[in-house]
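Everything on this sheet refers to the single structure shown next.
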Amino acid sequence: MQQLTDQELVQGVLNGSPTHQRALYQKYSVPMFRVVLRFARDRSEAEDMLQDGFIRVFRDMAQFRGEGALGGWIRRIMVNTALSHLRKQRDFLRDTPDYSPFENSLRTEEDFAANLDAETLLGYLQRLPPGYRAVFNLYVIEGFSHEEIAQQLGISVGTSKSQLFKAREYLKRIVDKSFIT
Amino acid sequence: MPTMEDPKELTQLDALFRHAFEDLPDTPSASGWDVPSPKVWEGIQAHLPGAFRVRVRRLYSSIAIAGLLVTATLVGIYLAFQGRTEILDANTQVNRPLDPLSGHEYSVEAPSPVLTSPSANPTRPRVARRSATSPKRENLQQPLSSMPLPGSVPAPNTTIRRQVEELRSASWAQPLSPLPQRFLSPTDKPPVIRELLPFRQQ
């Protein structure tokens, strides 16, 4: 099928065209899956987030005004969907990280350098507690301020800063441990 | 050996993750870690607005088909009961008991040609057996007014007529002959019983 523009995809989805719905999913499923993977603890949870996110996208497509990029609009929906999933978890802000460094995963400096790709770093992120992971993602990668994070997650600004500090410490330990080993 | 104890290292840590995830190519990775499984799209399809309209259309179609089936069943039941009543009427007319002494003219007619269903055959054993034993059947065996169809001619009942004529001409059916004169008194008195019993005079 010929590559459709975002405007054509939006119009097709608004008209209820299954072809355009499928094309939109094929175009944005991979980048959006990367986004939700960073918020989820595993692939299964990420797929649930992705499914719910795209259902919201198709349902609320009429609200897209075309002022910004379609990809950015979909990404915001995915982040909000991921945060909704995290808020449903009881231990969302628990303070006891399940620290299990990768003792055997990275052994040499070459291994460390070679394995510091997105997939490896994603593995590090997914070992963080949900609250650490969410704040780190929102602050470091999505570019949210602490005030925005506090509003999004329903926590205080101080809690947001604390969670970010602990997330960094935790990741630093993992990376150092991997690097030293 | 680099460490990450100072803020600069923390900033590098942030940059490490940021660039790792933001600078990914558009194409999926070779290992497939960033490719969702096909069941995600299947789950999305089940909730699409188009799928909702299809489900609503299917629901309406199912309701319409169910309504047609119910209507057809009710019409079938009604026609079946109506046909059975006509069968009973026809059997009652054919098997109506006749009184040869009354001299009443009965018109024995054929079953109504309206009966089109195969179950409407009055000669079927099931119907005949039921009509012989059912108490409802006895109630229905009362003389009913027959409605001859236009153009139908009553069948001649010569057997009944002959039986009636034979009964009328029987010897016991003839009027008695008057008594002999000797049994009658000149004064038109009632006959003397004594004369009818001569053995008493002896």
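Only this structure's heavy atoms are used, side chains among them; waters, hydrogens and symmetry mates stay out. Lettering follows sequence order; numbering is per chain, from 1. Given the structure is predicted, the values throughout are model-derived calculations rather than measurements.
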Checklist entry - Who in residues 64-79 of chain A is close to chain B, using a strict under-4.5 Å heavy-atom cut-off? => result A/Arg75
Item to check | Selection from A/Val35, A/Leu37, A/Leu122 maximising heavy-atom pairs under 4.5 Å formed with chain B | outcome: A/Leu122
Next on the checklist: Is it the case that atom NZ in A/Lys27 sees more than 12 heavy atoms from other parts of the structure closer than 6.0 Å?
Outcome noted: yes
Next on the checklist: Could you walk me through whether B/Phe17 and A/Tyr124 satisfy the ring-ring contact (aromatic ring centres under 6.0 Å, His included) test, starting with their C-alpha distance in whole Å, then the side-chain angles of each, then the deciding distance to 0.1 Å, before giving a yes or no?
Outcome noted: CA-CA 10 Å; B/Phe17 279 89; A/Tyr124 295 172; 7.0 Å; no
Checklist entry - Crowded around B/Glu22 CD? As in, over 12 foreign heavy atoms under 6.0 Å? => result yes
Item to check | Straight-line distance of B/Gln45 CD to A/Arg22 CZ, nearest 0.5 Å | outcome: 6.5 Å
Checklist outcome for this item: Here the gap from B/Ile44 atom CD1 to A/Tyr25 atom OH, rounded to the nearest 0.5 Å, amounts to 5.0 Å
Next on the checklist: Is any side-chain heavy atom of A/Phe33 closer than 4.5 Å to one of B/Val40?
Outcome noted: no
Checklist outcome for this item: Here the gap from B/Leu13 atom CG to A/Lys172 atom NZ, rounded to the nearest 0.5 Å, amounts to 9.0 Å
Next on the checklist: Using a 4.5 Å heavy-atom cutoff, which residues in residues 137-149 of chain A come close to chain B?
Outcome noted: A/Val140, A/Ile141
Item to check | B/Ser29-A/Glu119 side chain donor-acceptor pair, cut-off 3.5 Å | outcome: no
Checklist entry - So which part of A/Arg38 gets closer than 4.5 Å to some heavy atom of chain B, the side chain, the backbone, both or neither? => result side chain
Item to check | Value rounded to 0.5 Å, distance of CG in B/Asp34 from CZ in A/Arg43 | outcome: 8.5 Å
Item to check | Greater than 12 external heavy atoms within 6.0 Å of B/Asp23's CG | outcome: yes
Checklist entry - So does A/Gln151 have more than 12 non-hydrogen atoms from other groups sitting under 6.0 Å from CD? => result no
Checklist entry - Is it the side chain or the backbone of B/Ser31 that comes within 4.5 Å of chain A heavy atoms, both, or neither? => result side chain
Checklist outcome for this item: d(A/Asp52 CG, B/His47 NE2) to nearest 0.5 Å is 8.0 Å
Item to check | Student check: side-chain heavy atoms of B/Trp41 and A/Gln21 closer than 4.5 Å | outcome: yes
Checklist entry - How close do A/Arg34 and B/Pro25 get, heavy atom to heavy atom, and via which atoms? => result NH1-O, 2.7 Å
Next on the checklist: Using every non-hydrogen atom in the two residues, find where A/Ala118 and B/Leu24 come nearest and quote the distance to one decimal.
Outcome noted: CB-CD2, 3.7 Å
Checklist outcome for this item: Correct closest heavy-atom pair for A/Gln51 and B/Lys39 would be OE1-O, 4.1 Å
